[in-house]
Amino acid sequence: MNELSNAYPTDFFQALDAKHHLHPFSDHGALRQEGARVIVKGEGVWLTDSDGNRIMDGMAGLWNVQVGHGRTEIVDAVANQMRQLSYYNTFFKTTHPPVVALSQRLAQLAPEPYNQFFYVSSGSEANDTVLRLVRYYWDLKGKPEKKTIITRWNAYHGSTVAGTSLGGMTAMHAQGDLPIPGIHHIDQPYWFGEGGEMSPDEFGVHAAQKLAAAIDALGEDKVAAFMAEPIQGAGGVVIPPDSYWPEIKRVLAERDVLLVADEVISGFGRLGEWFGLTHYDIEPDLVSLAKGLTSGYLPMGAVMVHDRVASIIEHEGGEFFHGTTYAGHPACAAAAFANLGILANEGVVEHVRDQAAPHMARLYERLGEHPLVGEARTRGLLGALELVPNKPSRARFANEGDVGTICRDVSFSQGLVMRAVRDTMILSPPLIISAEELDWMADTVWRVLDLTGQELKRRGLW
Ligand SMILES: *Cc1c(COP(=O)(O)O)cnc(C)c1O
């Protein structure tokens with residue numbers, strides 16, 4: 001290819017891709033055999049593949065395309081910025097207009113104790129930054145022994161060394177001999193999978209008490225922070241029981257341990273509020289942001305820092321020896337600024353809160369009646385369906401993951417991107433999705449479940 005073009009046949013792209021491209025989160029044996037899916041265009045909630053099929057992007061890319069695909073306002077903002085200043089760094093006491101404008105806009109959108117932002121290029125780097133910041137913070141506070149970070153099994157905090165270690169995905173830990181020392185994992189608040197005979201509220205308190213037990217066992221003087229996603233995304237849209245976050249708050253109020261919210265998914269409107277921290281009424285010391293910050297138009301992440309932590313960094317610290325070449329990149333900052341402008345000016349967050357999320361919840365109530373579905377749950381524009389062989393029980397299919405994979409492939413054939421986490425089917429559509437598009441999505445899911453059931457019967461799995 002001497003120039004970038006969509007105008008080649010699918011197998012041409014697939015052959016070159018197989019020859020030269022190692023993919024993230026892909027089984028290369030299967031990928032090389034089947035050929036990569038080639039996406040050539042995006043508009044609103046819809047994608048087009050290289051065979052001309054229209055597919056609904058039920059995952060908003062990777063949970064990040066809040067304003068939908070193809071927004072020319074963002075493209076124009078980036079192009080204008082790049083004509084002015086395509087790159088300069090923010091190291092060594094330097095700044096530039098787009099990163100100043102973005103920082104002010106973020107501070108206006110965030111609730112009051114949050115006024116300072118540290119920029120990176122991804123959620124993983126945001127969490128790497130968090131790891132260094134919390135340890136640095138305790139050094140500055142004269143408590144250098146407070147270094148351990150508590151996180152949860154089945155959490156997702158990114159794929160760098162720190163991100164993978166902070167995360168609780170055992171399959172990821174197994175590759176690269178992780179986690180690194182100084183990270184301690186506790187149980188997740190996943191009632192459907194792990195709640196046993198307890199009611200959801202009993203289980204929520206029980207899971208939160210695991211944090212108290214861990215801090216007390218490790219020693220409060222050794223624990224730096226507890227880090228968690230308000231709702232686990234990649235772990236399977238694990239919506240904690242309503243009792244969970246209040247109990248976590250209670251546990252932390254009695255102990256001198258920082259709270260870090262990984263809001264890489266819950267930030268920027270996904271739960272019908274600008275940030276998940278107001279949804280759950282928590283006041284974390286640090287907040288990781290990425291994904292929806294730019295709606296995916298360019299890569300950018302940030303750590304949002306509570307005033308009480310920022311003031312220590314500003315006044316006690318001297319130089320913080322951390323930063324990446326592209327921190328606060330002007331084109332990325334321009335994309336984020338334009339994206340946040342669309343979210344605000346078009347009332348997208350209110351659209352989620354008042355229309356789209358309640359509508360999706362109603363549609364999921366119906367999907368919960370399907371014979372394959374053991375639980376249907378939503379919060380904001382996140383949805384999960386637990387596929388089970390026997391509706392009244394919470395028992396799983398044998399060979400967990402096989403049924404989810406079948407369902408995901410069926411879904412794609414029906415024109416809907418739905419993600420499988422083991423046998424839990426996930427949706428997280430763009431926030432600008434309309435009522436009609438949500439109806440189409442739910443009708444398609446019902447048909448996908450019917451077809452999945454037929455396929456399972458054909459294979460003798462159900
Ligand atoms: C995606 C994600 C990350 C990692 O972000 P990247 O930009 O992929 O590095 C971290 N935390 C959560 C909760 C995520 O969903």
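Atoms within each ligand, like the ligands themselves, are counted from 1 in listed order. Source: prediction; values computed, not measured.
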Fill in the blank from the handout: Residue pairs passing the ring-ring contact (aromatic ring centres under 6.0 Å, His included) test with at least one member in residues 284-305, sequence neighbours excluded, are none

Completion exercise
Less than 4.0 Å from some atom of ligand 1, heavy atoms are found in residues Ser122, Gly123, Ser124, Asn127, Tyr156, His157, Gly158, Glu229, Asp262, Val264, Ile265, Lys291

Completion exercise
Taken to the nearest 0.5 Å, the spacing of Asp128 CG from Ser165 OG works out to 9.0 Å

Problem - Partner residues of Thr424 under the side chain to side chain donor-acceptor pair (under 3.5 Å) criterion, sequence neighbours left out - result: Glu386

Side-chain donor-acceptor contacts of residues 172-183 below 3.5 Å, not counting sequence neighbours, with atom names and distances?
unit_1	atom_1	unit_2	atom_2	d
His173	NE2	Thr164	O	3.0
His173	NE2	Gly167	O	2.9

Handout entry: Ionic contact status for Glu365 with Arg362, cut-off 4.0 Å
Key = no

Exercise for the section: In sequence, state the C-alpha distance, the side-chain angles, and the governing distance for Phe203 and Asp187, and then conclude on side-chain contact (heavy atoms from CB on, under 4.5 Å). Expected result: CA-CA 11 Å; Phe203 179 69; Asp187 288 342; over 6 Å; no

